[in-house]
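So the structure is just underneath, and the comments pick up after that.
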Amino acid sequence: MDDDVTESLLFTYFGTRSPFWQLSADSDALQLAGVKGIPNLAVALVPEQAREIRAFSGVTSHAEIDIKLFGESQKLSLVGKKNGANSWSGTASDYMDTPTVAKDLAHGLEFAEQVISEVNSLVVIIDHNSNILRFNRLCEEVTGLREKDVIGKNAHAFMRSDEQAASRANISDFFKNSSSYEVERHINTLNGPRTILWRNKFVQSGSGPDERYLVCSGTDVTEERKAQAKLLELATVDTLTGLPNRHAIYEKITASLQSGDRFGILFLDLDNFKQVNDHYGHLVGDSLIQAVALNIKACMREGDSVARLGGDEFLVLVQNASFALMESVAQRITDRLKNPISLGLIEVYTGCSIGIALCPEHGDTLDHLIRCADTAMYVAKDAGKRTYRVFSPDMDNRVSEFVWLDVNLRKALDADDQLVLYYQPKLCLKTGVVRSVEALLRWDSPDRGRIQPLDFISYAEDSGLIVPLGRWVMRTAAKQAAAWKARGLDIRVAINVSARQLCSSTVVQDFAEALRQAGQTQCLLDLELTESCLVDDEALAHAVIRQFRDLGAQVHLDDFGTGYSSLSQLARLPLDVIKLDRSFISSINENATSQALVRSMVAVAQQLKFKVVAEGVETEAEAEFLKSIDVDDAQGYLYGRPMPAKEFEEWLNNKGKKLRLVA
């Protein structure tokens, strides 16, 4: 063989056993050269030979051709590939020069092996028995395994157990059909489980079915899938409670509607969450929401779903529901939430109002069912809270009224001429002097005319509009008091503050700002609070009342005798005035029981050094009795109805003529 190699035509004419060859797209001349880039000879090829070479792809290929080399026949072994858009090249060897041919093939294979090893993709080659034949460098890095340790092992051994059967079936089926496919698998590695997206393709290395291989090109998508799962969690899970969120529960309800299932929903809203959140802060508020979520879940059957819609609202989906079942679930929840909830050192009493709607009785769309349950929940709140109501069609009227109030009350706050304060005088029973007035809010709607406070104040409380509404009252009353003071009228103005306002974190700041804007150097505003302000959080009420008094305001306890105050609580209150409710004043001169009650209340107030104001005085006989037991001031139709500011001023100028005071 050595002699043959030495006498080879290639070595004789090119000085190398493996000259460089090149073929272009526009010529069938095979160029040969001893040194790459400097052609020494061009040999004409027949078209079939040129087409065979031009069939080379980017993967190292091999062809055998017969040519005439300097007039002598020569069979060449060409190893090469396509190296450009219009060019093919490689090395040529004498067909009989076996070592050189093998060397050229080895060089080509080494290049292919290097590409497989270094390509930025996981590459695994397996045979039809799923045994691993190749395992590239990136596979080693991702799995922590070495190629030499996995060659010959079954690929399924590295997969998650629940995916092995499916993988076997896939590979078996695709070896039969020779079809490319893509699949995602979970692989067990020394670095932990990884998720790999495999793009699988079959290659044929020769003839016969046993020479087909499955080339698996993979991308590690573990972190991408984790990110997607996190996004999905954020999209469907409430981060505070771990419950499904609004989007997730709506999808479940929609699926139940599409399946034609019979089900019901409960719409829950906590009754005093705002007060807890404002007083204790958001961290305690969040803890309360989490505790409530656990309590609601504890009341559910398996298969039922609880979701948090946001804030202090929850939605429960109950499958196979009936009216009796829904009421039973609602009762369990309300009973459970009546118990105190311990949050560290704090014990909080909460409760919820629940609205119930069933499908198909109350609606067959998501929006309709949610609206019905929401409406029923508000009716439950109106019924005294901590209870539930089943939706009925007549409740729709209430929704329409709420929508109208919400839109138009907001407009009234922005307008200059819809909201107005009326003033009702309070007179000293002994002297007839007007010491102060009570400011009462009125709303003149351009659509409905005069709207009474009873028709919109409760809605303002529920919706939270009572806070900006109260702020408007403070500023308007403060300006009016300052205007009267500038004209020499020494009249204090009392404004009503609700429990909802008192819990607002800005109520004292709003009050101080109203005084500042009115230019009051001496506070001329007083506050009238009902006993309900003291029920939910007495400590908070006391703290806020003291801040008002520090600003110069007097504090009146309104409707005394109709609420929940005990004598011990009354003694602790930082009050200035007690107002006797008109229910005790009516016909007081004729009713011995009313007289006894009023005498007792006045005696208690005097012992506690509180002034006493009687409201609702309508007859001279009532006034005479009140004066006889040393009630300080009186307020009622006997003296004057609530009046606009100008009318009150006229009344004040003429009160000596119009009033028949008890001497």
Side-chain angles (χ1 to χ4, degrees), residues 412-413 415-444 450 453 468-497 507-529 548-556 558 576-577 579 611-615 617 623 631-663:
L413 281 166
D416 296 327
D417 57 352
Q418 292 192 37
L419 298 176
V420 63
L421 288 183
Y422 276 46
Y423 301 91
Q424 187 174 28
K426 304 176 186 178
L427 289 84
C428 175
L429 281 173
K430 291 181 179 179
T431 66
V433 174
V434 178
R435 301 185 180 187
S436 66
V437 294
E438 179 180 0
L440 299 164
L441 182 62
R442 298 291 184 264
W443 177 14
D444 291 321
R450 173 61 56 84
L469 201 61
R471 190 180 300 123
W472 183 93
V473 170
M474 289 177 183
R475 292 175 179 176
T476 305
K479 289 179 182 178
Q480 185 60 67
W484 284 335
K485 182 70 172 178
R487 293 168 53 187
L489 299 177
D490 190 15
I491 298 175
R492 299 187 68 83
V493 179
I495 60 174
N496 291 281
V497 176
V507 64
V508 177
Q509 180 182 343
D510 292 340
F511 187 83
E513 180 63 17
L515 299 180
R516 187 193 67 77
Q517 289 183 3
Q520 291 191 19
T521 55
Q522 177 185 359
C523 179
L524 299 173
L525 290 189
D526 299 327
L527 305 178
E528 293 197 3
L529 310 176
F548 281 124
R549 296 186 77 194
D550 289 342
L551 290 171
Q554 295 180 11
V555 180
H556 304 184
D558 200 7
D576 298 288
V577 177
K579 293 188 71 176
K611 287 186 177 181
V612 180
V613 176
E615 57 183 350
V617 180
V631 170
D632 298 288
D633 294 343
Q635 174 184 355
Y637 288 175
L638 175 63
Y639 310 113
R641 294 175 177 270
M643 298 166 275
K646 287 185 178 180
E647 187 177 327
F648 167 73
E649 292 168 8
E650 294 175 1
W651 174 91
L652 194 61
N653 290 331
N654 299 309
K655 76 178 183 69
K657 301 176 183 178
K658 295 183 178 181
L659 290 179
R660 293 178 295 170
L661 296 176
V662 178

>> Go through it in stages, so that I can follow the logic: the residues are Phe548 and Leu525, the test is side chain to side chain contact (heavy atoms under 4.5 Å, CB included), and I'd like the CA-CA distance, side-chain angles, deciding distance and then a yes or no.
In response: CA-CA 10 Å; Phe548 281 124; Leu525 290 189; over 6 Å; no
> Could you go step by step and tell me if Tyr639 and Trp651 meet the ring-ring contact (aromatic ring centres under 6.0 Å, His included) rule?
Replying inline: CA-CA 10 Å; Tyr639 310 113; Trp651 174 91; 8.4 Å; no
>> Go through it in stages, so that I can follow the logic: the residues are Gln424 and Leu440, the test is side chain to side chain contact (heavy atoms under 4.5 Å, CB included), and I'd like the CA-CA distance, side-chain angles, deciding distance and then a yes or no.
In response: CA-CA 8 Å; Gln424 187 174 28; Leu440 299 164; 4.2 Å; yes
>> For a side chain to side chain contact (heavy atoms under 4.5 Å, CB included) check, start with the C-alpha distance between Arg450 and Trp443, then their side-chain angles and the critical distance, and finish with the verdict.
In response: CA-CA 6 Å; Arg450 173 61 56 84; Trp443 177 14; 6.0 Å; no
> What's the verdict on salt bridge (charged side-chain N to carboxylate O under 4.0 Å, His left out) for Lys426 and Asp633, showing C-alpha distance, side-chain angles and the deciding distance?
Replying inline: CA-CA 6 Å; Lys426 304 176 186 178; Asp633 294 343; over 6 Å; no
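Closest approach of Leu421 and Ala477 over heavy atoms only: CD1-N, 3.7 Å. Residue Leu551 comes nearest to Ala512 through the heavy atom pair CD1-CB, 4.1 Å, listed as atom of the first residue, atom of the second, then distance. Nearest approach of Phe511 to Leu527, heavy atoms of both residues: CE1-CD2, 3.7 Å. In plain terms, the two heavy atoms of Val434 and Pro425 that are nearest each other are CG1-CB, 4.2 Å. Ala481 and Leu524 get closest at one heavy-atom pair: O-CD1, 3.6 Å. Closest approach of Val420 to Trp472, counting heavy atoms only: N-CH2, 3.7 Å.
Checked for salt-bridge contact, Lys646 and Glu649 miss the test: no charged N lies under 4.0 Å from a carboxylate O. Here Asp576 pairs with Arg549 in a salt bridge; the nearest charged N to carboxylate O distance falls below 4.0 Å. Using a 4.0 Å cut-off between charged nitrogen and carboxylate oxygen, Lys579 and Glu528 count as a salt-bridge pair.
In this structure, Val555 and Val577 have side chains that are not in contact, with every pair of non-hydrogen atoms separated by 4.5 Å or more. The closest side-chain heavy-atom distance from Trp484 to Val493 is below 4.5 Å.
Tested against Asp558, the residues Val497, Val613, Asn496 include a single side chain to side chain contact (heavy atoms under 4.5 Å, CB included) partner, Asn496.
We find the CD-CZ distance between Gln517 and Arg475 to be 4.5 Å, quoted to the nearest 0.5 Å. In this structure, CZ in Arg435 is found 6.0 Å from CG in Asp632, a value given to the nearest 0.5 Å.
Side-chain contact annotation: Gln520 with Lys485, donor-acceptor N/O pair under 3.5 Å absent.
The local environment of CG in Asp444 is crowded, with over 12 non-hydrogen atoms from other residues, nucleotides or ligands closer than 6.0 Å. Gln509 CD: 12 or fewer foreign heavy atoms inside a 6.0 Å radius.
Between Tyr423 and Phe648, the ring-plane angle classifies as tilted under the 30° and 60° cut-offs.
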